[in-house]
Amino acid sequence: MTLAAYTPRHIPEALADLFTIALDLRWSWHHGSDELWRAIDAETWNATGNAWLVLNSVSGDRLDTLAVDDNFNDLYRKQVEAHREFSRAATWYSDTYPGKLDRGVAFFCMEYGLAESLPLYSGGLGVLAGDFLKASSDLGVPVTAVGLLYQQGYFRQTLDADGDQLEFYPFHDPTMLPVSPLTDPEGQWIRVNLPFPGREVRLRAWRAQVGRCELLLLDSNDPRNEPGDRGITSELYGGSPEKRLQQEIVLGIGGWRLLNELGLDPAICHINEGHSAFAFLERAVQWAQIHGTDIETARLATRATNLFTTHTSVEAGFDQFPSHLIRLYLEPWMEGTDVTMDKLMVLGSSNGGHSRRAGDEATLNMAFLGLNMGGRLNGVSDIHRQVTQALLQPYFPRWPRQDIPVESVTNGVHTPSWDSRHSDSLWTKACGKDRWRRPMAFSCPMETITDEELWQMRQAERSDLISYLQEKLKSQHCEHAPGNNPNAACGLLLDRETLTLGFARRFTEYKRPDLLLTDETRLLALLNNQDRPIQIVLAGKAHPRDDYGKQIIKRWRTFASQPAAEGKVVFIEDYDLAVAARLIQGVDVWLNNPRHPWEACGTSGMKILVNGGLNLSQYDGWWAEAWEPGLGWAIRPGASFAELSNSNEHDHSDADQLYELLETSVIPEFYDVDMEGRPKAWIARIRRSMNQLTARYSANRMVREYVETFYLPMAANGALRTPAEARNLLEEYQELECYWPRLRFGAMEIKPENGMERVLVNAFLDGIAESRIQVELVAEETECGPRSIVVMERTHALEGTLRGYAYEALVDARPPGHYTPRMRVRDDRLNLPLESPKVVWMR
Ligand SMILES: *Cc1c(COP(=O)(O)O)cnc(C)c1O
């Protein structure tokens, strides 16, 4: 396919700037230009929400007419001016950290959920990446994102008459997606070629404009590629492990090459999930070539500015590839570099590349590759940080779980993408128009908003939702639902005043989408209560290979079609961004009840905050940090992470708590109205939740945290790792490696002192400089006190020894044997213990 096929159509000169506006996905969240697109072609705009498609499918005659229409020209000029102003405006980044990250941040992710009209996502990970980009644009952070342009994306869902899930993969014509070919200054289409076994794979590059940021997309559907290669970027999470490896090579290696092709040398490489860890490899190899070093030096130099964010809670969530596939696909890439198969397998393993059981083939684990090549690592909530520490334990065999270097940044959502028109107008009244684009004050004074206004907003939002549900059910052919009362199937029995619960997410076992069905009789009683009924809206897809998830969908469908539940429980098909947006605007209570501690963070519950919805959720992920009495409701509050076990032991008691919360708190409070007909306590909860949580769980806060806690200090540290310094460090550490096995502890003595204890210990450092070693005294948590780590002071050299020193520390008294000294590397230039996980414990 040539570039000519993707050359934009001719439009009247007077309207030429429509191209720029139509290609900037900002229309998907900003809504300033809605009127413009509606004026051009209301039907297409309403059906697809895709401005680029509107512009490309409207007739030439229609555009000619509009070009001379005064009203339209007014609209058009206003939008062009607004867009220019937006591009010029100062931002948080340009005001606060001008120039600090000007080489930019490269952000890699397997999926992006920016708008339903650009379907390159499956679920939470992609939506988070989309929200991250939008907030980066708002704040002016120079992020360039890299991803894949899937021709079919993730599957589309319908349910058949029996409630079985059907899966469809409609083809997305790239000319109809809001993206454009990525061209060089001469107008040539930018290409990236990758060496594959016996061939080159040609990649095409596309660009999606996301406000001030860009998303660059690669696809392999070049007609000159072999048929199998053309399909590498056809489906998201669909293919075999081999296809997945090909995708990850295209994303990581191809993606980094694409950035180079554009002349970019990003200050930071941030991979969102281990799928794109090959980007770290390619980055190191290129650095080695540019600076004439070996790969080890390059790894040391580049890793300081590599950030790895993990989102998974299960080991199976880390992609692993058998070595024969790695050899097949990466040997052509290794040619001409000093990376070898052995070296690569070591980098992708926790244990030096040896499989644990004899006879097993070694595998390359993308998370360990990310860890070996990364400078810092973070999970996406505090509990998830601890879960990740447990998952990475094999990499740090001598470290207690708590000391494994995992940090955390709790996710957030792009508030302007999720607010309803009703909440938008209330927030504007309370806090002004620009409130989400600048750093948000953690609480915006909602006091200026009366109870009456808040309640009116909620009533209007719920009512909009009911209308939307009825419309959607109609498009699901509800009239033809077999054996059902058509009024019920079409949502005509849904009530605009009834407490409405929402549950929508991936239907997969750990999320327990059937927890509410544990006791059907109890649920039916809630649905059918005369005075205080509830109604429920559900949505979600089960992965095509997840039979369990599909069964739960079917179970809900069966439950919903029995006469006793008829019309009170509805299932909306094909959960996507558009469906999510409408559900989270309208529901009173959002339900999330995963098995603790498996929800890495969870973000859908954050989306309802801005709209005054309340959360009823498992005390897990973000909710364990956000919840306090009075702010929504928590199931099993205070549950702490002890160990990883996917047991269902709490399922029954969690379900019991869920029912009980509904019966004794949620439902009574909603229906307990005052003389004006308003539920006072409920409104107070809404107010607190909006005030305390909306800004805190926004992507605005999240992006600022990444910038200030990670990107800026990492870039500063990275600047110190020049080729000379990296060589120097490498030499130092190779030497340290030689002497390390000879480190040992001598005698230890404990003396009481003023109710405390002075601990004295001798340590022999052999060939290692004393400044490089930190001696610590570690006490594990006991009844006597919490865990503590005290750095011991070096007091004097031991005569007649080679670097033998006495160390001491004054600590709280503990029973004998409760303090253990250890030696670890001390070096401000490195992130420790990640970059040198050496440790010696006193035995
Ligand atoms: C927000 C969102 C998700 C993620 O929701 P979780 O609470 O993490 O399950 C998934 N899919 C869509 C379409 C979303 O908008």
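Keep in mind it's a predicted model, so treat the numbers as computed, not measured. FYI, side chains are in, hydrogens and waters are out, and symmetry mates aren't considered; it's all heavy atoms of this structure. Ligands are counted one by one from 1 in listed order, and the atoms in each one are counted from 1 as well.
- A salt bridge links Arg512 with Asp651: the distance from a Lys NZ or Arg NE/NH1/NH2 to an Asp or Glu carboxylate oxygen falls below 4.0 Å.
- Under a cut-off of 6.0 angstrom, the local environment of NE2 in His31 is crowded, with over 12 non-hydrogen atoms contributed by other residues, nucleotides or ligands.
- For atom 11 (N) of ligand 1, the closest non-hydrogen atom on the protein side is Tyr575 CE2, 3.4 Å.
- Glu509 and Arg595 are joined by a salt bridge, as a carboxylate oxygen and a charged side-chain nitrogen come within less than 4.0 angstrom of each other.
- Ligand 1 does not have Phe503 within reach: every non-hydrogen atom of the residue lies 4.0 Å or more from it.
- Nearest to atom 4 (C) of ligand 1 among the protein's heavy atoms is Gly124 CA, 3.5 Å.
- Atoms of ligand 1 lying under 4.0 Å from any heavy atom of Gly123, numbered from 1 in the order shown and given with element: 10 (C), 11 (N).
- For Ala580, every heavy-atom contact with ligand 1 shorter than 4.0 Å involves the side chain, none the backbone.
- Within ligand 1, the atoms closer than 4.0 Å to a non-hydrogen atom of Thr603 are 1 (C), 4 (C), 5 (O), 6 (P), 7 (O), 8 (O), numbered from 1 in the order shown.
- Heavy-atom proximity to atom 3 (C) of ligand 1, evaluated over His311, Arg506, Lys607, is greatest for Lys607.
- In this structure, a donor-acceptor pair under 3.5 Å is present between the side chains of Ser604 and Trp590.
- Under the 4.0 Å criterion applied to side-chain N and carboxylate O atoms, Arg458 and Glu461 are assigned as salt-bridge partners.
- Salt bridge Glu599/Lys511: present, at least one basic N to carboxylate O contact under 4.0 Å.
- In this structure, Trp633 and Trp682 have tilted ring planes: the angle between them lies in the 30° to 60° band.
- Here Arg421 does not pair with Asp424 in a salt bridge; the nearest charged N to carboxylate O distance is not below 4.0 Å.
- Those atoms of ligand 1 with a heavy atom of Arg505 less than 4.0 angstrom away are 7 (O), 9 (O).
- Among all protein heavy atoms, the one lying closest to atom 9 (O) of ligand 1 is Lys511 NZ, 2.9 Å.
- The atoms of ligand 1 that sit less than 4.0 Å from any heavy atom of Trp418 are 15 (O).
- In Val579, neither the side chain nor the backbone holds a heavy atom less than 4.0 Å from any atom of ligand 1.
- Among protein heavy atoms, the minimum distance from atom 7 (O) of ligand 1 is reached at Ser604 OG, 2.4 Å.
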